[in-house]
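Okay, structure first, notes after.
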Amino acid sequence: MKNGFIKVAAATPKIKVGDCGYNCKEICRRIEEVYQQGVQLVVFPELCVTGYTAGDLFWQQSMLDKALDSLLRIVVPFTKDKEIAVIVGLPMLFKRKLYNVAAVIYDGEVAGFVPKSHIPNYSEFYEARHFSSGVGVEGYQHINYYDEEEEEKPIVAGSYIIKNFKLGQDSEYDDEYDGEYDDEGEYWEDSVPFGTNLLFQCTNIKNFTFAVEICEDLWVANPPSTGHALAGATVIANLSASDETVGKDSYRKNLVSGQSARTVSAYIYADAGEGESTTDLVFAAHNLIAENGTILAEAEKFTNETVYAEIDLDKLAAERARISTFQPTREADSEYEEIEIELQKRKFVFERKIDKSPFVPVNESEREKRCEEILSIQTMGLKKRLEHTGCKHVVVGISGGLDSTLALLVTVRAFDSLGLDRKGIITVTMPGFGTTDRTYNNALKMIRVLGCELKEVNIAEAVELHFKQIGHDMNIRDVTYENAQARQRTYLLMDFANEYNGLVIGTGDMSELALGWATYNGDHMSMYGVNAGVPKTLVRHLVKYFADTTEERKLTEVLNDVLDTPVSPELLPPKNGKIAQKTEDLVGPYELHDFFLYYVLRFGYAPKKILFLAEKAFQEIYDREMILKWLKVFYKRFFSQQFKRSCLPDGPKVGTVAVSPRGDLRMPSDACVREWLEELER
């Protein structure tokens, strides 16, 4: 386990139908492979010890005996002293009925047998010919592997006897002997829990409890895994033998991702593959690992590929705690038997890809879809406000920067959707001490192309007068110097709104609000903040999407130049005509802060885990020292600036993270950040 992650695998051995000895060797080989990779839970396919397609051979006592014998060969000595949980499928007689069973193995013992609940008997499936449903069947399976014809005493390893192994110099398993014989020195018998209501709790790994369902159990209206999750299972294992037909892989993938989302769990799906009989069916070994709706690993079909993934147990626990409708029931607690196992924390190479931009999809088509959806949400939010107030005019301050550009584009869409004249959009450009020609000209070009009404007010004279009134030296370029300009601009916007009986549209984005990078009662204030739910890293993509999809060539040109302009409040005088004040030099890279913001608010991760994830995500961009520096800045600003967020204007939520005091973030303005910073110092 590493910072709340465990490594799991879904493995499909190449088998021979009916040859349990061969299959046993292949299963053991795969166990050794995944064990070397640091895996702590590996899942194998349904009935893989015998082969799913054995048909009426399931009635042959010889094969059933060999299946149990092979299981014990996997259990002892192969898994003895290995810190790994293994789940394999086999047929098993229990109380004189035959069941399709998953055996849960760890450290040389069978921890439990879980029978299949739902037995398909339609189309190509005829399992009811051989197997009974495990629903309501509970008890203990007694294992006794003493061979009466064997002259030598059997080896006892752990709680189990392996027949046909002899004590002596030639036995490669002599070192595994650590058990006892019964009073007569003949056999050892053990009882293993049998039932569909078993939970396996790893007592020394936080938030790691797993349960099992088998193939068809996932495809029914109410899968057993739903109950397993409500009873406490964070990880679900599915042993499957799902044959391949055209288009079935997509449906299967959706089932796995959907069930993992509904149960807020990790879902490990191990599918039968090459080696199964092809008399009528073909199996593709479509192995899948999902986490809360996201597919983390998917095997290439028809390859019997073992897939690996690092499961974030902290994320699952945080989601369950956050979602008030995820409600465990008392009935679930009473109906389940909890089996405790110990799996020591193991080292493994962390290979899970951590996205640098959690708010921005990597896939281009998904990103474009996300951008269109967010623009639509912003547009509909403003449209409703305009309809409700009856306003035919709005006022937008335009600086030539990204945020005001996005706000203007959204406003134009809202006006167009209402059939309102764009001349009702009063755009105000307010050059001051730090305004550069580039941003000023871009603002004018954009306004002209969009056909909005333009107002220009130079704020320099008014701010200078204000400095005289409060006795501030113009040469002292401190926070007073900067904030006076921001408040003067907001003052003008509000007065223009009164003049036109309109609304002031806020331009500040969520990243600025999280960091408090806004002047209180300056750009902090508006009558509707269309960007309030959009992080800075996403603002850029929304403007780029607009530039790429508009049919107006001149608009594309100006938007691309806005995208190339450094982010700046432009409150300090330019140097040689260029921007002198770059936001990210002062407050830190927004790509880092958005990353921190996502994991702090979405999952409530501890600082050390966020640092770990950031190092993995940005390892080619920032070193540990730089990430740590800005993470400390983030925490300090996030805590100290809550008072600004406590009185935010209305604005639409667009994603899973938001900072509205009326919605997602109910945080005291005077909370202490000390312990978060101390953890980072340690």
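Atoms considered below: every heavy atom in the structure, side chains included; atoms not considered: hydrogens, waters and symmetry mates.
Annotation: ring-ring contact (aromatic ring centres under 6.0 Å, His included) contacts of F302 (sequence neighbours excluded): none. Scored by the salt bridge (charged side-chain N to carboxylate O under 4.0 Å, His left out) test, K616 finds no partners at all (sequence neighbours excluded). Considering only residues two or more places apart in sequence or on other chains, F125 meets the ring-ring contact (aromatic ring centres under 6.0 Å, His included) condition with Y122. Applying the side chain to side chain donor-acceptor pair (under 3.5 Å) rule to T245 yields no partners; only residues at least two apart in sequence or on another chain are considered. The side-chain contact (heavy atoms from CB on, under 4.5 Å) search around K356 returns A617, F618, I621, not counting sequence neighbours. For N287, the side chain to side chain donor-acceptor pair (under 3.5 Å) test picks out T12, with sequence neighbours left out. Under the rule for a side chain to side chain donor-acceptor pair (under 3.5 Å), the partners of R252 that lie at least two apart in sequence or sit in another chain are S242, E244, H286. Listed by chain and residue number, nothing satisfies the side chain to side chain donor-acceptor pair (under 3.5 Å) test with Y599 (two or more places apart in sequence, or in another chain). Evaluation of the side-chain contact (heavy atoms from CB on, under 4.5 Å) rule for P358 yields F595, Y598 as partners, not counting sequence neighbours.
The backbone N or O of V17 lies less than 3.5 Å from no partner atom in the side chain of N23, so there is not a single donor-acceptor pair.
F94 has its ring centre no less than 6.0 Å from the ring centre of F113. Checked against the 6.0 Å centroid criterion, the rings of F194 and Y140 do not qualify as a close aromatic pair.
For the side chain to side chain contact (heavy atoms under 4.5 Å, CB included) with I268, the qualifying choice from V307, I236, N238, L41 is L41, the only one to do so.
Put simply, the side chain of E124 reaches to within 4.5 Å of the side chain of L281, judged on heavy atoms. Side-chain contact check for I87 versus I105: every heavy-atom pair is 4.5 Å or farther apart. No side-chain heavy atom of I341 sits under 4.5 Å from any side-chain heavy atom of Q201.
Residue pairs meeting the ring-ring contact (aromatic ring centres under 6.0 Å, His included) criterion with at least one member in residues 256-275: none, sequence neighbours excluded. Applying the side chain to side chain donor-acceptor pair (under 3.5 Å) rule to pairs touching residues 87-108 yields E46-N100, sequence neighbours excluded.
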Mind running side chain to side chain donor-acceptor pair (under 3.5 Å) on T203 and E340 for me, showing each step along the way?
-> CA-CA 6 Å; T203 55; E340 294 185 350; 5.3 Å; no
I would like to know whether V39 and F348 meet side-chain contact (heavy atoms from CB on, under 4.5 Å); could you show each step before the answer?
-> CA-CA 8 Å; V39 165; F348 57 85; over 6 Å; no
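Under a cutoff of 6.0 Å and an axis angle of 45°, K248 and W219 form a cation-pi pair.
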Could you go through residues 220-229 and list every donor-acceptor pair under 3.5 Å that involves a side-chain atom there, pairing it with any protein atom two or more places apart or in another chain?
unit_1 : atom_1 : unit_2 : atom_2 : d
S225   : OG     : E213   : OE1    : 3.1
S225   : OG     : E213   : OE2    : 3.0
S225   : OG     : Q259   : NE2    : 2.8
T226   : OG1    : P223   : O      : 3.4
T226   : OG1    : Q259   : NE2    : 3.1
H228   : ND1    : P224   : O      : 3.4
H228   : ND1    : Y336   : OH     : 2.7
H228   : NE2    : V212   : O      : 3.0

